[in-house]
**Student:** 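Here you go, one structure.
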Amino acid sequence: MRIVALEEHVVLPVLRDAWAKAGLRPHGYPDDHPVTQRLYDVGERRLADMDEQGIDVAVLSLSTPGVQNLPAADAVPVAHEANDALAEIVAANPSRFQAFATLPTSSPEAAAEELERAVTLGFRGAMLYGRTGDKLADAPEFDVLYGTAERLRVPLHFHPQAPVKAVQDAYYSGLPGGVGAALATAGLGWYYDLGVQYLRMIFSGVFDRHPELQVIAGHWGEVVLFYLDHVGFLREMAGLRQPLADYFRRNFWIAGSGTVSERYLRWAAEVVGTERMLYSTDYPYTFGTRPGGFPYLDTSGGVARSFLEKAPFSEEEKVAIGSGNWERLTGHLAVSH
């Protein structure tokens with residue numbers, strides 16, 4: 001069974017320099033931390049970790065928030081240089097690496113142009129990060145990007161970023177130790193923040209205007225997947241063309257992002273079907289991370305592979321989730337390149 005993992009993060013020197021210039025430190029780890037060192041590595045250490053996980057191919061993407069919190073004057077050249085660097089990494093080892101392009105969404109027209117260019121470089125899609133500054137993913141100016149992705153048949157994988165400061169202050173402050181900051185980000189806040197944006201995209205008509213647009217949602221659907229039977233009552237009020245759940249079965253693909261929970265796995269399959277499921281490990285954030293022995297966020301030691309091997313599905317379904325669905329979604333891009 002071949003496994004292609006879709007949410008495998010990297011921080012390139014050009015991005016690190018741009019973040020430092022803008023005063024950003026999004027991943028929050030010191031330079032000597034193992035997570036940081038793994039983010040910087042695209043060589044032997046990463047390949048060894050992939051082998052330990054049981055991953056055949058990693059689809060590399062810039063760690064959140066990519067270039068989306070940089071001003072357009074910086075985001076456009078940084079995205080261009082980062083994509084060139086990612087393309088070189090893939091070209092040096094195409095049997096183990098693929099990549100998602102990063103897009104300068106602070107300039108939607110430039111982002112659409114960069115997506116066009118990325119396809120010629122062999123990218124299988126692009127990674128977006130929800131908000132761009134204070135603009136949410138359903139803002140009308142992003143229609144030019146969504147229309148381009150639809151025309152090119154290129155999937156857009158969304159990844160969360162931290163909620164805006166006002167939300168963090170209102171909901172996550174005042175907790176002991178570092179719990180508040182962690183809860184606002186990788187604990188829970190990330191997923192609510194992006195999940196609400198998925199709903200906004202649907203309710204504001206993004207997928208009615210672009211019915212063939214394909215979005216990859218990690219973290220088992222960013223919370224929303226587990227509440228569709230309730231929030232779906234808003235269909236008539238929003239004037240949707242189809243039931244809310246149908247958008248997730250026609251426009252979304254679901255991956256687990258390294259949360260190795262069989263309950264989430266089974267629920268995702270029940271809601272969207274195994275034919276709309278992909279695979280990811282959220283490397284390096286779920287590699288060797290078992291705080292207090294917590295079992296659900298560690299894909300090292302062969303867990304990434306054994307989790308799928310032990311899934312309550314047929315062998316055909318497991319193969320589809322591991323790589324078959326990915327090839328069905330993006331194989332035409334590899335052929336055209």
**Student:** Go through R96 and D51 one step at a time and tell me if the salt bridge (Lys or Arg N to Asp or Glu O under 4.0 Å) criterion holds.
**Tutor:** CA-CA 10 Å; R96 302 303 304 274; D51 291 340; 3.0 Å; yes

**Student:** Could you measure the distance from the OH atom of Y247 to the CG atom of L228? Nearest 0.5 Å is fine.
**Tutor:**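 Answer for the OH-CG pair, Y247 versus L228, is 12.5 Å.
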
**Student:** Do we get R250 above F207's six-membered ring, with its NZ or CZ under 6.0 Å from the centre and within 45° of the axis?
**Tutor:**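 Here R250 fails the 6.0 Å and 45° test against F207.
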
**Student:** Using the rule that Ile, Leu, Val, Met, Phe, Trp and Tyr join whenever any side-chain heavy atoms are under 4.5 Å apart, tell me whether V59 and V319 fall into a single cluster.
**Tutor:**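 Yes, because V59 and V319 connect within a single hydrophobic cluster, where side-chain heavy atoms sit under 4.5 Å apart.
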
**Student:** Please examine the side chains of Q98 and V57, heavy atoms only from C-beta on, and report whether any two atoms are closer than 4.5 Å.
**Tutor:**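 Yes - at least one pair of side-chain heavy atoms lies under 4.5 Å apart.
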
**Student:** Can you name the nearest heavy-atom pair linking T64 to Q161, along with the distance?
**Tutor:**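 So the two residues come closest at OG1-CB, 3.5 Å.
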
**Student:** Roughly how far apart are W267 CH2 and I254 CD1, rounded to 0.5 Å?
**Tutor:**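 The CD1 atom of I254 is 13.0 Å from CH2 of W267, to the nearest 0.5 Å.
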
**Student:** Would you call R131-D193 a salt bridge at under 4.0 Å N-O?
**Tutor:**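 Salt bridge: yes.
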
**Student:** Keeping the roles fixed (side chain from Y191, backbone from A186), state whether a donor-acceptor pair exists under 3.5 Å.
**Tutor:**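 It does hold such a pair.
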
**Student:** So does E8 pair up with R38, basic N to acidic O under 4.0 Å?
**Tutor:**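 R38 and E8: not salt-bridged.
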
**Student:** Looking at CG of L333 and CG of L121, how far apart are the two atoms once the value is rounded to the nearest 0.5 Å?
**Tutor:**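 Interatomic distance, L333 CG to L121 CG, rounded to 0.5 Å: 12.5 Å.
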
**Student:** Are L47 and L86 in one and the same hydrophobic cluster, where Ile, Leu, Val, Met, Phe, Trp and Tyr link if side-chain heavy atoms are under 4.5 Å apart?
**Tutor:**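 Linked, L47 and L86 end up in one cluster.
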
**Student:** Please determine whether a side-chain nitrogen of the Lys or Arg among D246 and R249 lies less than 4.0 Å from a carboxylate oxygen of the Asp or Glu.
**Tutor:**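 Between R249 and D246 there is a salt bridge, with a charged N closer than 4.0 Å to a carboxylate O.
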
**Student:** Nearest 0.5 angstrom please: W253 CH2 to L329 CG, how far?
**Tutor:**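 Result: 5.0 Å between the selected atoms.
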
**Student:** A side-chain contact here means heavy atoms from C-beta on lying under 4.5 Å apart; do T286 and D298 qualify?
**Tutor:**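 The answer is no; the side chains never approach within 4.5 Å.
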
**Student:** Are the side chain of D143 and the backbone N or O of V206 linked by a donor-acceptor pair below 3.5 Å?
**Tutor:**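 Answer holds: no.
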
**Student:** Hey, are the side chains of H159 and D282 touching, using non-hydrogen atoms and a 4.5 Å cut-off?
**Tutor:**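 H159 vs D282: side chains touch.
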
**Student:** To the nearest 0.5 Å, tell me how far E150 CD sits from N251 CG.
**Tutor:**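 These two atoms lie 9.0 Å from each other.
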
**Student:** Rounded to the nearest 0.5 Å, what separation is found between the CG atom of L12 and the CD1 atom of I89?
**Tutor:**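 The distance works out to 5.0 Å.
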
**Student:** Answer yes when E262 and R266 have at least one side-chain N-carboxylate O distance shorter than 4.0 Å, and no when they do not.
**Tutor:**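 Yes.
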
